[in-house]
2 protein chains.
Amino acid sequence: MKNSDKREEIVLAALELIAEHGFHGAPMAMVADRAGVGAGTIYRYFESKDVLIAEIFSELEKKVVESLMQGYSRDGSLRERFIYLSTMIIRYFMANAIHFKFIEQYMNSPYGVSLRRERLLGKARDIDLFRHLLQEGIDGHALKDLPLPLHFALAFGPILSLLRDHILGFVELDDALIQKAVEACWDGVRRQDAPG
Amino acid sequence: MKNSDKREEIVLAALELIAEHGFHGAPMAMVADRAGVGAGTIYRYFESKDVLIAEIFSELEKKVVESLMQGYSRDGSLRERFIYLSTMIIRYFMANAIHFKFIEQYMNSPYGVSLRRERLLGKARDIDLFRHLLQEGIDGHALKDLPLPLHFALAFGPILSLLRDHILGFVELDDALIQKAVEACWDGVRRQDAPG
DNA sequence: CATATCGGAATGAACGTTCATTCCTAAATA
DNA sequence: TATTTAGGAATGAACGTTCATTCCGATATG
């Protein structure tokens, strides 16, 4: 096994175990077993379990953003872009349920909470497509006159709930249903006296 | 200290610690300390940590339902009842942030997931005000033609996100904002070609 | 009334287990 | 051979739970 393979195997094993059983259901010994390496070997690649977890999160985030950027165009109406982005998010996580589960675990942990806090207070990065989109809609009066975090809750809340339900097997999502759901989200954020 | 006081002290201590630090951040020894009892004493009242946790959840659920039933009337339009119920849920958890945090922890744990599964498959209980409300709206074509779980996601998703944000200090919710948020949720679920 | 006896409630040190991390030996590589 | 990489047993801290003992109010006894 090549060096870089070992690292990848460790990341993959930890990702799967943590997504499925949570941080505390994924002991390092089990991660090592699944990765096909010795327990000590993990520590040649990652300083600690915390560092490993943070690294996995960071890699996932990169993949998600790359995938969303793919085929996203800044042209098109606000509505079109909103629908496109929301649909892509849902599609991505349906195809990568493990990523969703891991990110949820992470975001519900203390690390995730402080991360969100930092980002909310900080300036929007290029990466924050959704944030830019919503802000543009607020400024242009296409969206309801509400604070940004509220729009986030209105747009993202249902998406998260939906993905959770789908992954747990509570709903069977198909393209038609996704389309309807995303349009319903748009109804939630858009100004009702404006067209569309 | 009376007997019943001890039990209550234990429940309160565990509730607070778990809400703040999660299940794994609330060792029984710490619960005992905060409750002002010996570690062994907890086991005179609760068979195990799991049982203690389940008991707390059950007590909280009872309180929430009681509080929501208070002042809820089956008369009034669907919209009125939707707005009322959503508003009350937000108000309750803003006033009882600890309850919200505990319930979230529980719902994200394996116990919570199987609980949800059982309930979703089972018949709606009298208690499930929201479920009845949404079903009525679907049947009466006042709401969009979508499966029930999707309506749950559209209506509840934003409420959960909003409460999370408020409790973490990411938004400052006041009555006016709550009103607007709840109306936006209604816009999400209602048929857009129908009035109101 | 004073004292002795009793029984269940409360206690916290001790136990066995689990876990992240370390450490030392073996294997691979150069 | 010298150096780097891997392995997994060893370590010690932390945890849930147990249990022999203590405590305390009630009851019986003188």
Side-chain angles (χ1 to χ4, degrees), chain A residues 1-59 101-102 105-106 108-114, chain B residues 1-59 101-102 105-106 108-114:
Chain A
M1 202 187 292
K2 282 190 319 195
N3 273 6
S4 61
D5 281 352
K6 285 224 164 112
R7 212 194 108 103
E8 275 172 41
E9 288 297 327
I10 292 166
V11 165
L12 184 64
L15 168 60
E16 289 174 355
L17 282 171
I18 290 172
E20 214 56 50
H21 305 114
F23 294 125
H24 296 279
M28 293 299 257
M30 209 182 283
V31 172
D33 257 18
R34 180 182 274 242
V37 304
T41 305
I42 297 179
Y43 290 85
R44 295 201 51 78
Y45 294 90
F46 303 97
E47 193 185 319
S48 67
K49 190 175 185 178
D50 281 2
V51 168
L52 169 59
I53 288 168
E55 174 63 23
I56 295 173
F57 176 78
S58 160
E59 285 184 22
K101 289 192 192 178
F102 182 96
Q105 297 273 358
Y106 188 84
N108 284 328
S109 79
Y111 313 110
V113 171
S114 34
Chain B
M1 200 191 291
K2 280 190 320 191
N3 270 6
S4 60
D5 281 353
K6 285 227 162 109
R7 213 194 106 102
E8 276 172 42
E9 287 297 328
I10 292 166
V11 165
L12 184 64
L15 168 61
E16 289 174 354
L17 282 171
I18 290 171
E20 212 57 49
H21 307 297
F23 295 126
H24 296 278
M28 293 299 257
M30 210 183 280
V31 172
D33 257 19
R34 182 184 274 243
V37 305
T41 306
I42 298 178
Y43 290 85
R44 296 200 51 76
Y45 294 91
F46 304 96
E47 191 185 318
S48 68
K49 191 176 185 178
D50 281 1
V51 168
L52 168 61
I53 289 168
E55 174 63 25
I56 294 174
F57 175 78
S58 157
E59 285 184 23
K101 288 191 195 179
F102 182 96
Q105 296 274 358
Y106 188 84
N108 285 328
S109 78
Y111 313 110
V113 170
S114 34

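The sequence lines fix the lettering, A, B, ..., with proteins before strands; numbering per chain opens at 1.
- Along DNA chain C, the nucleotide nearest A/G25 and the nucleotide nearest A/E47 are compared for position; the residue whose nucleotide lies closer to the 5' end is A/G25.
- Distance, B/H21 NE2 to D/dC15 P: 12 Å, rounded to whole Å.
- In this structure, A/I42 atom CD1 and D/dT5 atom P are separated by 17 Å, rounded to whole Å.
- At the phosphate of C/dA9, neither OP1 nor OP2 sits under 4.0 Å from any side-chain N or O atom of B/K6.
- Taking atom NE2 of A/H24 as the reference point, atom C1' of C/dC19 lies 11 Å away to the nearest angstrom.
- The nearest pair of heavy atoms linking A/I10 to A/V31 is O-CG1, 4.0 Å.
- Taking atom CD1 on B/I18 and atom C1' on D/dG16, their separation rounds to 13 Å, with Å as the unit.
- The shortest side-chain heavy-atom distance between B/V11 and B/Y45 does not fall under the 4.5 Å cut-off.
- The list of side-chain hydrogen bond (donor to acceptor under 3.5 Å, both in side chains) pairs with a residue in residues 22-38 of chain B, not counting sequence neighbours, reads B/E16-B/R34.
- Phosphate proximity of C/dA10 to B/Y45: present, with a side-chain N or O under 4.0 Å from OP1 or OP2.
- Between A/E9 and A/A35, the closest heavy-atom pair is O-CB, 3.6 Å.
- Comparing atom distances between the B/S48 side chain and each of D/dT17, C/dA20, D/dG7 picks out D/dT17 as nearest.
- In this structure, A/I10 atom CD1 and D/dT5 atom P are separated by 14 Å, rounded to whole Å.
- In this structure, the nucleotide among D/dT17, C/dT21, C/dT11 sitting nearest to the side chain of B/T41 is C/dT11.
- Distance B/R7 CZ to C/dA10 P: 13 Å, rounded to the nearest Å.
- For B/P27, taking side-chain heavy atoms from C-beta onward, the closest of the listed nucleotides D/dA9, C/dT11, D/dG16 is D/dG16.
- The NZ-C1' distance, from A/K49 to C/dC19, rounds to 8 Å in whole Å.
- Both A/G40 and B/R44 lie near DNA chain C, and the one whose nearest nucleotide falls closer to the 5' end is B/R44.
- Taking atom CZ of residue A/F23 and atom P of nucleotide C/dA20, one finds them 12 Å apart after rounding to whole Å.
- Scanning for side-chain contact (heavy atoms from CB on, under 4.5 Å) contacts around B/Q105 gives B/F23, with sequence neighbours left out.
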